[in-house]
Amino acid sequence: MTLEDFLREWHDGREQLLVHTSGSTGQPKPLWVEKRRMEASARMTCRFLGLKKGDTALLCLPLDYIAGKMMVVRCLVQGLQLTSVEPCGHPLAGLLAPSQIDFAAMVPMQVWNSLQVEEERNKLREIRHLIIGGGAVDASLARELADFPHAVWSTYGMTETLSHVALRRLSGAGRTDYYTPMEGVEVRQTDDGCLAIRAPHVCEGELLTNDRVELWNDESGQAHFRILGRKDNVICSGGMKIQAEEVEQKLRQVMDIPYLISRVRDKKFGELVVLLLESSSPLSEEETEKYKALCASALQRYERPRLVLSVGKLPLTETGKPARGEAERLIEELSHRGG
């Protein structure tokens with residue numbers, strides 16, 4: 001979708017707009033959302049960040065998904081000056097003007113790529129408010145951003161909440177592992193440890209998520225939460241509950257190729273932890289043992305993968321998140337073929 005296409009849809013007189021979920025936990029699905037709720041979400045973000053009329057904003061995300069659409073809506077609602085570039089892995093490469101960008105939204109891959117090129121890194125550091133969404137910000141990326149002179153934020157949200165409803169600071173003295181809900185957003189922890197969200201301005205009723213959280217209230221009563229991982233990504237192996245995302249986080253310090261943690265059914269243990277690697281050729285026995293040893297150096301015994309498999313390309317969604325359902329299907333096929 002082009003910017004002109006979106007603006008035509010936005011001004012077509014209808015009260016609703018069709019969006020699609022990212023498909024990180026299943027097949028992407030269509031969702032009709034009210035434009036007035038998108039406007040309410042835009043106002044929440046602009047108030048939180050202190051954006052004002054005339055500030056500059058960069059659109060470098062595809063307009064097929066809610067994150068890109070909401071960048072445009074924020075500009076329309078708040079009177080921001082929009083600069084649009086082709087969505088790509090290096091969104092700052094083609095920007096010629098040295099003037100500061102007040103507001104930009106990127107996915108982790110775009111931020112990481114920009115950090116690798118000095119000219120782009122310098123431009124990235126000059127963005128006054130950079131929000132990062134569409135995937136987890138891992139510890140190594142967070143360390144790269146910690147000394148940025150301006151505000152860098154990790155966002156929490158989903159298509160159903162019309163982009164983010166909470167942010168956490170990644171840069172400066174205020175950096176933290178905990179998300180703070182925006183104005184008008186209430187959160188609680190359900191009996192099974194997952195996050196429940198009530199944000200009446202952007203979605204009807206209470207939204208129950210599959211995200212396992214640690215929740216605490218500060219002295220003023222403001223709630224803050226830390227994401228542990230998705231409930232449906234808990235691997236139950238031999239009576240132990242293992243969070244796939246936590247294992248992936250621990251392995252980031254030792255792994256040298258793309259990977260993800262998944263599972264496969266097993267008669268004895270119920271489920272087995274599986275390390276799925278991206279490799280252009282099948283792993284040799286020596287390579288397999290190497291990666292098992294790396295896992296042993298970083299993980300507790302019960303977290304270590306019992307199976308190491310490789311594929312030519314890791315299954316990812318269009319927004320770069322692990323496509324975990326597809327990963328499990330691939331692993332079933334590979335394990336039945338003997339790897």
Side-chain angles (χ1 to χ4, degrees), residues 1-46 49 51-97 99 101-111 113-114 120 123 127 129-135 155 157-165 199 201-204 316-321 323:
M1 173 178 282
T2 66
L3 180 57
E4 290 73 19
D5 291 335
F6 176 74
L7 290 173
R8 193 177 303 113
E9 281 192 17
W10 185 258
H11 294 296
D12 64 6
R14 292 184 293 180
E15 295 181 353
Q16 293 183 316
L17 191 72
L18 181 64
V19 299
H20 290 82
T21 61
S22 66
S24 58
T25 58
Q27 289 297 316
K29 59 182 180 181
L31 186 69
W32 286 96
V33 299
E34 295 178 80
K35 292 176 182 177
R36 67 179 180 87
R37 293 188 182 276
M38 295 175 73
E39 291 174 334
S41 172
R43 284 190 287 269
M44 283 197 308
T45 296
C46 292
L49 299 178
L51 298 172
K52 61 185 185 300
K53 183 177 180 179
D55 284 347
T56 54
L58 175 67
L59 173 64
C60 58
L61 298 173
L63 283 162
D64 301 291
Y65 298 99
I66 192 66
K69 296 179 193 296
M70 285 306 304
M71 280 299 293
V72 181
V73 177
R74 292 171 195 132
C75 291
L76 294 172
V77 165
Q78 197 65 16
L80 307 180
Q81 298 180 38
L82 181 65
T83 296
S84 176
V85 299
E86 188 74 21
C88 66
H90 290 268
L92 301 177
L95 288 183
L96 301 177
S99 58
I101 298 168
D102 292 305
F103 179 44
M106 297 184 187
V107 297
M109 177 267 292
Q110 291 175 315
V111 176
N113 287 348
S114 298
E120 295 173 34
K123 292 176 183 177
I127 297 174
H129 283 288
L130 172 64
I131 62 174
I132 306 173
T155 67
M158 57 208 73
T159 305
E160 291 82 352
T161 60
L162 307 181
S163 190
H164 52 263
V165 290
H201 296 306
V202 298
C203 60
E204 292 283 353
L316 301 175
T317 69
E318 288 187 26
T319 55
K321 300 177 184 178

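Below, each value reflects all heavy atoms present in this structure, side chains not excepted, and no hydrogens, waters or symmetry copies.
- Side-chain contact between Asn113 and Gln110: absent, with no pair of heavy atoms (C-beta onward) separated by less than 4.5 Å.
- With sequence neighbours excluded, the residues satisfying salt bridge (Lys or Arg N to Asp or Glu O under 4.0 Å) with Glu34 are Arg36, Arg37.
- Residue pairs meeting the salt bridge (Lys or Arg N to Asp or Glu O under 4.0 Å) criterion with at least one member in residues 68-91: none, sequence neighbours excluded.
- Considering every non-hydrogen atom in both Gln78 and Leu51, the closest pair reads NE2-O, 3.0 Å.
- Listed here is the closest heavy atom pair of Lys123 and Leu92: NZ-O, 3.0 Å.
- Under the rule for a salt bridge (Lys or Arg N to Asp or Glu O under 4.0 Å), Glu4 has no partner lying at least two apart in sequence or in another chain.
- Closest heavy-atom contact between Pro108 and Gly133: CD-O, 3.2 Å.
- Once rounded to the nearest 0.5 Å, the distance linking CG of Leu17 with CH2 of Trp32 reads 7.5 Å.
- Residues that satisfy the side chain to side chain contact (heavy atoms under 4.5 Å, CB included) test with Ser41, not counting sequence neighbours, are Met70, Leu162, Val202.
- By the 4.5 Å heavy-atom criterion applied to side chains, Glu9 and Leu18 are not counted as neighbours.
- Contacts classified as side-chain hydrogen bond (donor to acceptor under 3.5 Å, both in side chains) and involving residues 53-63 (residues at least two apart or in different chains) are given here: Lys52-Asp55, Asp55-Arg128, Thr56-Asp102.
- Under a 3.5 Å cut-off, the side chain of His201 and the backbone N or O of Ala40 do not form any donor-acceptor pair.
- Here the closest heavy-atom approach between residue Met106 and residue Cys60 is recorded as CG-SG, 3.8 Å.
- Residues satisfying the salt bridge (Lys or Arg N to Asp or Glu O under 4.0 Å) criterion with Asp64, sequence neighbours excluded, are absent altogether.
- In plain terms, the two heavy atoms of Leu59 and Val72 that are nearest each other are CD2-CG2, 3.9 Å.
- Atom-to-atom distance recorded for Glu39:CD and Met44:CE is 13.0 Å, nearest 0.5 angstrom.
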Check the pair Leu31, Ile66 against side-chain contact (heavy atoms from CB on, under 4.5 Å), reporting the backbone distance first and the verdict last.
CA-CA 10 Å; Leu31 186 69; Ile66 192 66; over 6 Å; no
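- In this structure, the side chain of Thr161 engages the main chain of Met158 through a donor-acceptor pair within 3.5 Å.
- Counting only heavy atoms from C-beta outward, the side chains of Tyr65 and Thr159 never approach each other to under 4.5 Å.
- In terms of heavy-atom proximity, Lys35 sits nearest to Trp10 at NZ-O, 3.0 Å.
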